[in-house]
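This report refers to the structure that appears directly beneath it.
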Amino acid sequence: MVIKKQYKITFDGITFKGTRDDGLIIKGDNNKVQNCIIKNVAGNALLMTGINNLAFNNEITRTGKGGIILDGGDTETLTEGNNIADNNN
């Protein structure tokens, strides 16, 4: 699932499974993925791009590439991304 240019979206307690690519891709600011299960994905479990995004308390199993990838901020203005991944298994 790809979510582009979305702000203040929360995924809470949802199961994402059985993809041929990445599990969930979110591009935007102030989004949360929490208490979710992401499993049986061919790519990465979760990619979050933007600022002030949070991945919290998720269960991630059986990925083809990796777990959580966070990207954000601005290198030209030195603005930090402030993206956080915490307590994910």
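One hydrophobic cluster holds both Ile26 and Ile14 under the rule that ILVMFWY side chains link at heavy-atom gaps under 4.5 Å.
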* Take Ile38 and Leu46, measure what side-chain contact (heavy atoms from CB on, under 4.5 Å) needs, and give me the verdict at the end. => CA-CA 8 Å; Ile38 305 172; Leu46 173 62; 4.2 Å; yes
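Expressed to the nearest 0.5 Å, how far CG of Leu47 lies from CG of Leu70 amounts to 8.5 Å. Here Thr15 contributes atom OG1 and Asn35 contributes atom CG; the two are 11.0 Å apart, rounded to the nearest 0.5 Å. Distance check, rounded to the nearest 0.5 Å: OH of Tyr7 to CD1 of Ile51 gives 9.0 Å. Taking OG1 of Thr19 as the start and CD1 of Ile25 as the end, the distance is 9.0 Å to the nearest 0.5 Å. Atom CG of Asn31 is separated from atom OG1 of Thr10 by 7.5 Å, given to the nearest 0.5 angstrom.
Under the side-chain hydrogen bond (donor to acceptor under 3.5 Å, both in side chains) rule, Gln34 has a single partner from Asn58, Asn88, Asp12, which is Asp12.
With hydrogens and angles left out, the side-chain atoms of Asn89 and Glu59 include no donor and acceptor closer than 3.5 Å.
Residues that satisfy the side-chain contact (heavy atoms from CB on, under 4.5 Å) test with Thr75, not counting sequence neighbours, are absent from this structure.
Sorted by first then second residue, the ring pair (Phe, Tyr, Trp, His ring centres under 6.0 Å) pairs that include residues 65-89, not counting sequence neighbours, number zero. Applying the ring pair (Phe, Tyr, Trp, His ring centres under 6.0 Å) test to pairs two or more places apart or on separate chains, those with a residue in residues 9-41 are Phe11-Phe16.
For the pair Arg62/Val41, no side-chain contact is recorded, criterion being any heavy-atom separation below 4.5 Å from C-beta on. Looking at Met48 and Asn83, their side chains never come closer than 4.5 Å, going by heavy atoms from C-beta outward. No side-chain heavy atom of Asn52 sits under 4.5 Å from any side-chain heavy atom of Asp29. Between Val33 and Leu24 there is a side-chain heavy-atom pair separated by less than 4.5 Å.
Here the shortest heavy-atom pairing between Asn44 and Asp22 reads N-OD1, 2.6 Å. Here the shortest heavy-atom pairing between Gly13 and Cys36 reads N-SG, 3.7 Å. A pairwise comparison of heavy atoms in Asn53 and Asn30 identifies OD1-N, 3.4 Å as the closest pair.
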